[in-house]
Structure formats: structure tokens, C-alpha cells
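A, B, ... follow the sequence lines: proteins, then strands. Residue 1 opens every chain. Small disclaimer: the values here were computed from a predicted structure and weren't measured.
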Amino acid sequence: MDPSEYDLAYFHRAGFHRRTCVVCHAAFWTLGAHDRCQEAPCRDYGFLGHPGFARPYDPDGLREAFLGFFEARGHTRIRRYPTVARWRNDVFFTQASIYDFQPWVTSGAIPPPANPLVISQPVVRFIDIEEVGRSGRHMTLFEMMAHHAFNRPDHEVYFKERTTELCHEFLTTTLGADPTGITYKEEEWEGGGNLGPSLSVGLLGLELATLVFMEYLRDGTTLRPMPLTVVDTGYGLERFVWMSRGTKTAYEACFGRPYEDLRATFSAREAAILVDHARALNYLLTDGVVPSNSKEGYFARLLIRRAVRILQTRPEAPTLNVVLDEVARDIARVAPEVGAHRDDLHRVVEAEVERFGEAIARARVIIRRTEERAQASGEPVTEEDLLAWYDSLGVPPEIAVEELRHAPKIPEDFYARVAARHEGERPVNEYTDKGAELPTPPEDTPATQAEYYLDPYTVAFDAHVVWASGPFVALDRTYFYPTSGGQVHDLGQLGDQDVVDVERKGRWILHRLDGVAQVAPGDRVHGRIDAARRTQLMQHHTATHLMNGALRELLGPHVWQAGAYKGPDLARIDITHYRPLSREELRAVVQRVNAIVREDRPVKSYFEPRTEAERRFGFTLYQGGAVPGKDLRIVEIEGFDVEACGGTHCTHTSEVGAIDVLDVERIQDGVVRLSYVSGGRALDVREQQQEVLRESARRLGVGVDQLPSGVDRLLAELEESRKSAKQRLKGDLGAEAVRLLDDPSATESAGGVTLTHQTGALAREELMELSRLLTKGPDRVAVLASERDGRGLLFVGSTAERVRADLVLRHAAPAFSGKGGGNPAAATAVGEPGAPLAEALKAALEAARRAATA
RNA sequence: GGGCACGUAGAUCAGCGGAAGAUCGCUGCUUUCGCAAAGCAGAGGUCGGGGGUUCAAAUCCCCCCGUGUCCA
């Protein structure tokens, strides 16, 4: 980055000078006489025991000082955003305050909620989870205080000069930091294709804040100025509090009572991990994360398990829920929503803690067995076993060692080696833009007006063609719904041609016809939509919102829509939930949605500015995931459910008709899928199912209500006849065995061994059974031949030690080009088609006699 | 989203190319006034499902389904 980027008039005016750090060689600006930047590791912490601010603050006080300072200087205070970034599909968590405004605000698509603004945003970062409690300052969740300004070419709010000045004023006047102690280090910042200069603010060894100026777009190797420049600052609340108190660690400075209470029982590191994880969990669970083995749920699981493992080391320790509640009390002062719905949160945590217990119990058994087996074979349990157990059973190495009598040492680089086991795995980004395969109309083509938003009932309309290419047609306006938001597209006709697909592409909606489009730009065409299909799609879509609302209402606010599909034949909703739905819960949900249907509540669809909608309804709006655009389309089922949604909906709940749930399944850990039908489709499905029932009952010769008992009877009969067939075969073979043993031409005695042979047409399994019957006692040998489908089969069974069945077979097999093998007790071979089976039998008998008399 | 482990009798599991097993539980008999216990006998299996390789598959390969777990 060009040094002139940092050459601020403010620095010169205020008397700063530019120096180079003797340690890290970075340039920095200061009022003091430092030869190095005031950040670790270039210098030690100088504030431990000697606070760097005029007075100590607690987190509430410091946050208020910051927000108040910027409010007094023209900034608007903004409430925190959720820690789960549901308005984005590229990340799980809000990892910086600027995430709140990406991508729509920073790209210039929509105006910021205020400009300039100030916020204190809880952000989640899992990179440093191992450092928590170790470094004294790392946390999985911390509050990033920030002031942001968004500058358009025609309206600059403020940029580098004012930002730096405000920061310095806040530090030196409000907090009373020594002006000469602060250094502003020059750093280049880059992220998400944007970059720009940034200043890192150091004081007494601690990096307190970063001031980022997003200014350029990276375009290959060249830089282009951004149309919108952004002031992106980040002030670490916890670090400020720490600086103001000068305690040994940031944890004791920030967590107060809960931390102190835990210190009575736990080490400093353990207490730090507990309060940190408890705070992160309170936010994550409140914001709708359900612990699971994938996606964002995994992080919640990780936090819970790490915390539980520490708590379980002390018998007198409180439960995790108690720790969560104590930490939540402090959070609730600034984020009241974290204090609400504690019961639901407790249930989620309890279920997860229980599962962890089960996983560990299961693992202990396996560990013990492995060790017993290892001892039996004389081989020790190795480090590799520890790694494998952790990876596939989830057993922390400490617990494994506890369980073992002779344990290997836990390798220093244990977790690095776990990571190494996963090297080479490439997460595949499944996200493919379906629109990429579609052609793009030229830039100057007028955009398509989507009329279905305002009027979902119109199914015939006239419009003008604005573009046509091959089978694709774009109109100036259309009532055809394109596949989006989980709702599949409409069908119908455009002019004389059938519409087979409708997709959105940029600003246009493309109708795909069943052949090359017979229209040209400027033509007026008549569109007709398959009304029955559209009605069904609307019913399924509104039914889906009803399901979502009822599930959240009855199961708890931890339920979020994790995916949905609304087709003409079936609708599905996937929800986050920590256990399978019980029959009672399902029944309650079905009753509830059908009750709302009968109440005939109005369903209102309307557009509202994004920020305004988020303020009125909260972020539960984003049930369907990230929704693009400046204005959100809100679908509101009066007094029941509100979601941001672009779909076509009924205007009253009664239009949905009956809702029947067809199937409930757990599609993955923490996600339950419900499949259902409504409207006319529900009637069809019911009719079909009743027909199936009637027909089944008719074939069984019972009434519909007697189907279950009728089926039971049938199954019992089947079982009975299967058994008797088996018995009969056994009986037949038994009789045959007795006959053979009595028949001198079939049974002979050789060297004290009873040798029986037979030639027939039995299947392999039958030969086996017959042999078994013939060799019931000791010193018996059976040589059985069978011809089936033109191929010879030879079976040798033996209970005589001297006569090895496999050796006998090996002698006999060449006689009929047989392939096979076996063990000393039993052996079998199949010959080539047409090869002389009799010869093989003869050879086998000879070999058996020889062996018996040897 | 990716990797790994696991799915065998009612339960817990062994077997890991050659004739489906153990322990507990269950049924019956013996012994006992009865119970517990012991002994004897017995019932109970599409070896998760479907393909493939092989003379032969619970066992090897592929694809599903289910469970657990680690990583992003």
C-alpha cells in the first residue's frame, strides 16, 4: 500500500510523527518518543497492575461510554445483529460488525440503517478456541464496538481523517489514555475482494482497535476504486475493559461475579473457558443454533462438550445450565432476548449433555475391550489408537487415558495430528448458480416486472416481449412464477407455445418454451398460467409458513427452517430440532395448523424497507435464508407468522384447505424433515390412501378397521409355513440320511471311519444339511455328488480327524475340472458343465478310504 | 459440506472368504414346600438394504439407508 495513504492531515495537524518499529519494521504514527509500535509482541504488556485509562470500567460502562461518545458526535446507535449470519449464505457466524452490512449495504444496493452509525456487535470466532484461557485475552465470542460510515461519490460522510481523529479523541478524552502512549500502525487490510489501508491502534502493548478503510476492489492484479468507500472500525470491548482495570487476564476484568464464583472451584484457565463458552452459548442458542454434528450446530456442540468436560472434573461443580444462567444475567442487561426463553434453551442443552454422556459411556466400553484384546495379543495400545478414538468416537484423549491401565503418553501435538488425519479433504462448495447455464439478455433489455408479487390470482395476462433467444423469452411484465425460495415454477402457455420452465436471471424472468420462440421483441403476447397447479403451489407455500409457525410455537424458538420445498405434489419443511418429533408433538402441530386454517386469518404480502422490517419483526424473518434486495417482501399470517418470502401465497388461511402430514424423518443430526400436502392435493392423497386401504382390506377379506390384525395373522401364517417347509426338508433329508446309513451300497466302513456317499440333484444348502445329518457322530465322512443345471457339485463333510475334507476334495476336483475348496470339516467344488461327476465321486471316495486307513 | 468408525439372536457383542457363535435374557425339564441357584434340553437370525467379485460372501468391492464421531 502506498505510504501516502496514511499521510493524514490530522496526524500533521495534531503533531504526530511517523516512525518505524525496530522490532516488526512496520511504520507507525505517534505523539510519543517510541522506537517500536505499542503492541505485543513488539513490547510487553505495560498495563498489568497499571491501568492505561483514567478509571476502571465494567463492560456495560465501557460500552455505554463508547456508544454515547459517538452518539454525541452525530452517530446513530444500532441494535446488535444476530451472531448467526442468516442474511448471508457464505458464512455461518457474524465474525465482525461489518458483516451486519454485507453484502447489501457495502455493495451500495441498499442504504445503511443509519449513516454514520455506532454499534456494539457480539461476534463469534472459533479460530482461537484453543487459546481461550491460555493467552489471557482470547475469546470465542467478543463484542466488537464499531463506528461505520458509508461514503457515496455524491455524499461523503467521513473517511480516514475524521475516523482517526474520533478514535484518538475517544481514547484520550473520554477514557483518559496518555496521548503520547498510543501508536497507529500502518497495515494493509484485505478481505472479500476489497482492500484498503488500515491503522492498528496500540497502547501499552495491547492492540485495542483497528481502523479499516475499504477503498479498492481487487480486479486481477490491478486495483479499482470502490464506488462506495466504507469506514470499518473494530474496537474490542473486552480489551478496553481489561486495559481500564489492569487485571492479570481479560476474563477476570470482564466476567465479574460468574468468573469469581467459578474460581472457587476451578483453575483460572478452566474458569475462563467456562465463562467464555457460556457466554458464546447463550448468544448462539438464543440466536437459533441447535447443537448437531454439522454446520453451525457443530460449534455449539463443541462449546457444550468442552464446558461439560471441565465441569465433570469436580463433583461439587454446578450444572452447565446453572453456569449459563449466571452468565446470561449479565448479558440480559444489554440483550434482553438472551434472558427470555430460558426453558427452551435449558432443554436444548440438557439433551446435548445427555448425548455426550451416552457417547462417552459407549466409548469407554470400546476402549476397555480394545485394551483387553491388545493385552491378549501382547501389543500395546498406541498413540494412533488415541487419535482414532477421538476422531471416530469423540473420546477426548484425557478420558481414554483415564480408562486405560497401560496408557500411551498423549502426544504434545495431539490436535495437530488430528488435523493431519483430515488433510486432503476439500470442502466442495455446492453452491452453483443455476442461472449461469441460462442465457443473459443484453444490458439494455428492460427488466421484467414481477406481477405475481402483487396479485397471485391473475392467471391470464398480456405483455410485450422484450427479448427472445432460442426457446427463451423475456417479457416486460409477467405473472409466471420462476423457481425460487423453494417454490417450483409455473407452467402454462405463452401465445400458442407451452411454457416448460421459468427461471430468474438477473433483472429478468426467462420463460422457456417447448420449442424455438415464435415471437420477437416488441410483440404483444397473451400468457395463460396453469391455474390448478398455481393454486396448489400457493396452498403448499402458505401451508409451509403455517407449519413453520406452529413448529416454532409448539417446540420452541430454537426451531428454524433449515430448508423447504413446495412442489405441486408435495411440500416439505426441514427444521432444526434436537430430537425426533414424538407422536404427540406431531399431532399437536397438525391440529394447530388446521385450526389456523379454519380461523381463516388474513395472509398479507407487502414490501417493506429491509432495515425497517428487521426492526419490526426481528431476524426470525429470515426463515428461508438470505433474501436479496433493498426492500423485503413480507408475508404475514396475522398474529401467527411473519417471514421474508418471495413466494405466491393465499390471502386467507382457509384457502389452504386441510393439511395432512405424510412423513416425519430425521434427515441429519439436529434436522427434522416433515412432508405434507394441502388443498386439493390433500384430498387426492387421502382418496388414494383410502383406496389402498380398501383394496388391501378386500384382498385380505377383512374390514378396513381389521387390517392391522389381519396382517398380523397373515405374517404369523407365513412364518408358520416357512418353518414347516424347513422342517419338512429336514425331515426328508433326515429320512434319506437314515436310509443311506442303512444301505450297504451307500455306506462302508474303512479303518474305523464310516464313509457314506450319495448322488442326487440337491442344492448346495441341501447337500450341506444332508452331510451334517450323515456326520452327526465322530469318525464319519460324507461324500455327496449332485447334478444341477448340467454342472456337477461335490460336497465332502468329515468328522474324522484323519480324513480332511479339503484334501479329499483337492484329489477329486481335477476329475471333473472342479474349482473349490474348504476346510478340514467341509469342502465343496463345482465342475465344468458336462465334466464327469461320477469320476470325481469315485476319486473322492478313493482318497477318503486311503486317508481313513492310512 | 468432507473424512472416519459402526449396523450379526430380545440385549451386549465375537467371528472378518470355507457348515452362523458366546454371554445375559426367554421357554421347558430335573432338583425344591416355595424362591434363589445349579444342571440338562430348547426356541429365537432375510448377519441394515440392493448390486457386484468368487466354486463359495456376515466377511472383499460399489451404491443406498441408519447410528455415532471428527473437521470446515
Side-chain angles (χ1 to χ4, degrees), chain A residues 89-93 126-127 129 291-299 301-302 305 355-363 365-370 372-373 376 384-397 414-432 580 665-671 718-719 722-723 726-727 763-776 782 784 786 788-789 791-799 804-806 809-810 812-813 816-833 835 840:
Chain A
N89 53 19
D90 54 339
V91 292
F92 294 138
F93 299 113
F126 279 94
I127 310 284
I129 188 166
S292 80
N293 62 4
S294 68
K295 299 187 187 165
E296 65 268 33
Y298 181 67
F299 293 101
R301 167 164 295 174
L302 198 63
R305 294 193 168 189
R355 294 174 67 149
F356 185 43
E358 284 165 9
I360 293 295
R362 228 186 342 262
V365 174
I366 291 174
I367 289 170
R368 223 170 299 143
R369 251 201 315 267
T370 309
E372 277 165 23
R373 209 171 313 156
E384 276 305 311
D385 289 320
L386 294 185
L387 285 168
W389 287 335
Y390 177 71
D391 217 8
S392 63
L393 301 173
V395 195
F414 186 85
Y415 290 97
R417 284 170 65 172
V418 169
R421 285 169 77 96
H422 291 274
E423 252 169 40
E425 294 169 20
R426 286 269 157 274
V428 184
N429 191 355
E430 282 280 295
Y431 183 78
T432 47
E665 54 191 327
R666 207 188 75 126
I667 58 166
Q668 57 160 278
D669 197 15
V671 181
L718 184 70
E719 179 74 3
R722 228 182 58 195
K723 251 190 246 172
K726 212 164 136 189
Q727 288 295 332
R764 178 188 293 273
E765 292 71 30
E766 293 164 340
L767 286 180
M768 228 180 245
E769 186 59 33
L770 181 58
S771 163
R772 220 188 310 239
L773 292 164
L774 288 169
T775 58
K776 269 250 160 90
L784 306 175
S786 161
R788 281 211 145 197
D789 307 325
R791 288 178 82 113
L793 195 63
L794 194 64
F795 189 97
V796 184
S798 168
T799 55
R804 291 192 42 169
D806 49 347
L809 187 85
R810 201 180 300 169
F816 73 141
S817 312
K819 285 208 281 189
N823 58 29
T828 174
V830 180
E832 286 293 311

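The pairing partner recorded for B:U59 is none, the criterion being a Watson-Crick or G-U wobble arrangement whose two distances lie under 3.5 angstrom. The partner of B:U31 is absent, by the rule that a Watson-Crick or G-U pair needs both atom distances under 3.5 Å. With a 3.5 Å ceiling on both atom-pair distances, B:A36 lacks any Watson-Crick or G-U wobble partner. Across all strands shown, B:G10 forms a Watson-Crick or G-U wobble pair with B:C24, both key distances being under 3.5 Å. Pair check for B:U46 finds none; no Watson-Crick or G-U wobble contact set falls under 3.5 Å. In a base pair of the Watson-Crick type (N1 to N3 plus N6-O4 or O6-N4) or a G-U wobble (N1-O2 and O6-N3), with each distance short of 3.5 Å, B:U54 is matched with no nucleotide. Using Watson-Crick or G-U wobble geometry with both donor-acceptor distances under 3.5 Å, B:U67 finds its partner in B:A5. Base pairing analysis places B:G17 opposite nothing; no Watson-Crick or G-U wobble pair with both distances below 3.5 Å involves it.
Across A:Ile366 and A:Trp389, no two heavy atoms sit closer than the pair CG2-NE1, 4.5 Å. Nearest heavy-atom pair, A:Pro824 versus A:Asp806, reported as atom, atom and distance to 0.1 Å: CA-OD1, 3.6 Å. Across all their heavy atoms, A:Phe816 and A:Gly792 have their closest contact at CE1-O, 3.5 Å. Heavy atoms only, all atoms of each residue included: A:Ile360 and A:Pro396 are closest at CD1-CD, 3.9 Å. When all heavy atoms of A:Ala805 and A:Ala826 are compared, the pair lying nearest together is CB-N, 3.7 Å. Scanning both residues, A:Gly820 and A:Leu809, for their nearest heavy atoms gives C-CD2, 4.1 Å.
B:C29 and B:A14 have their C1' atoms separated by 30 Å, given to the nearest Å. Taking atom P on both nucleotides, B:G34 is separated from B:A41 by 24 Å, rounded to a whole Å. Between the C1' atoms of B:A58 and B:G49, the separation comes to 14 Å (whole Å). Of the P atoms belonging to B:G42 and B:A22, the separation is 12 Å, rounded to the nearest Å. B:G25 sits 38 Å from B:C61 when the C1' atoms are compared, rounded to a whole Å. To the nearest whole angstrom, the two P atoms, one in B:A37 and one in B:G45, are 26 Å apart. Rounded to the nearest Å, the gap between the P atom of B:G7 and that of B:C16 is 13 Å. Comparing the C1' positions of B:U54 and B:G28 gives an interatomic distance of 44 Å, to the nearest angstrom.
Going from atom CG of A:Leu794 over to atom C1' of B:C55 covers 12 Å, rounded to whole Å. Remark: C1' of B:A72 and CZ of A:Phe92 are 7 Å apart, rounded to the nearest angstrom. Rounded to an integer number of Å, the gap from OH of A:Tyr390 to P of B:U69 is 12 Å. Distance, A:Asn293 CG to B:G68 C1': 8 Å, rounded to whole Å. Here B:C55 presents its C1' atom at 13 Å from CG of A:Leu767, a figure rounded to the nearest Å. Atoms CZ (A:Arg355) and P (B:C70) sit 11 Å apart, rounded to a whole Å. Rounded to whole angstrom, the span from the CD atom of A:Glu665 across to the C1' atom of B:U67 amounts to 15 Å. To the nearest angstrom, C1' of B:A57 lies 13 Å from CD of A:Glu765.
Between the side chain of A:Thr828 and the base of B:A19, no donor-acceptor pair under 3.5 Å is found.
Which of B:A19, B:C55, B:U67 sits closest to the side chain of A:Lys819 comes down to B:C55. Counting only heavy atoms from C-beta on, A:Arg301 has its side chain closest to B:C70 among B:A72, B:C70, B:C55. Checking B:G68, B:A72, B:G18 against the side-chain heavy atoms of A:Asn823 singles out B:G18 as nearest. Here the side chain of A:Thr775 is nearest to one of B:A19, B:G68, B:C70, namely B:A19. Comparing B:A72, B:C55, B:A19 by their nearest atom to the side chain of A:Met768 picks out B:A19. The side chain of A:Arg305 has B:C70 as its nearest neighbour among B:C70, B:C55, B:A19. Closest to the A:Asp669 side chain, of the nucleotides B:A19, B:U69, B:C70, is B:U69. The listed nucleotides are B:A19, B:U69, B:A72; the one nearest the side chain of A:Ala825 is B:A19.
Counting non-hydrogen atoms under 4.0 angstrom, A:Leu302 reaches the backbone sugars and phosphates but no base. A:Gly820 comes within contact range of at least one nucleobase, with a heavy-atom separation under 4.0 Å.
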Original post:
Between A:Thr828 and A:Met768, is a side chain to side chain contact (heavy atoms under 4.5 Å, CB included) present by the stated rule, with each step listed?
Top reply: CA-CA 9 Å; A:Thr828 174; A:Met768 228 180 245; over 6 Å; no
Original post:
Where do A:Arg362 and A:Leu393 land on the side chain to side chain contact (heavy atoms under 4.5 Å, CB included) test, with the steps shown first?
Top reply: CA-CA 8 Å; A:Arg362 228 186 342 262; A:Leu393 301 173; over 6 Å; no
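Remark: A:Arg764 is not in phosphate contact with B:A19, judged by side-chain N or O atoms under 4.0 Å from OP1 or OP2. Between A:Arg791 and the phosphate of B:A56, there is no side-chain N or O to OP1/OP2 separation shorter than 4.0 Å.
Ring-plane geometry between A:Phe93 and A:Phe126 is classed as tilted, the angle between the planes lying from 30 to 60 degrees on a 0 to 90 degree scale.
At a threshold of 4.0 Å, the pair A:Arg355-A:Glu358 does not count as salt-bridged, since none of the basic side-chain nitrogens sits closer than that to a carboxylate oxygen.
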Check nucleotides 4-14 of chain B against the protein and report each pair of N or O atoms closer than 3.5 Å, with its distance, or say if there are none.
residue : atom : partner  : partner atom : Å
B:C13   : OP1  : A:Arg369 : NH2          : 3.4

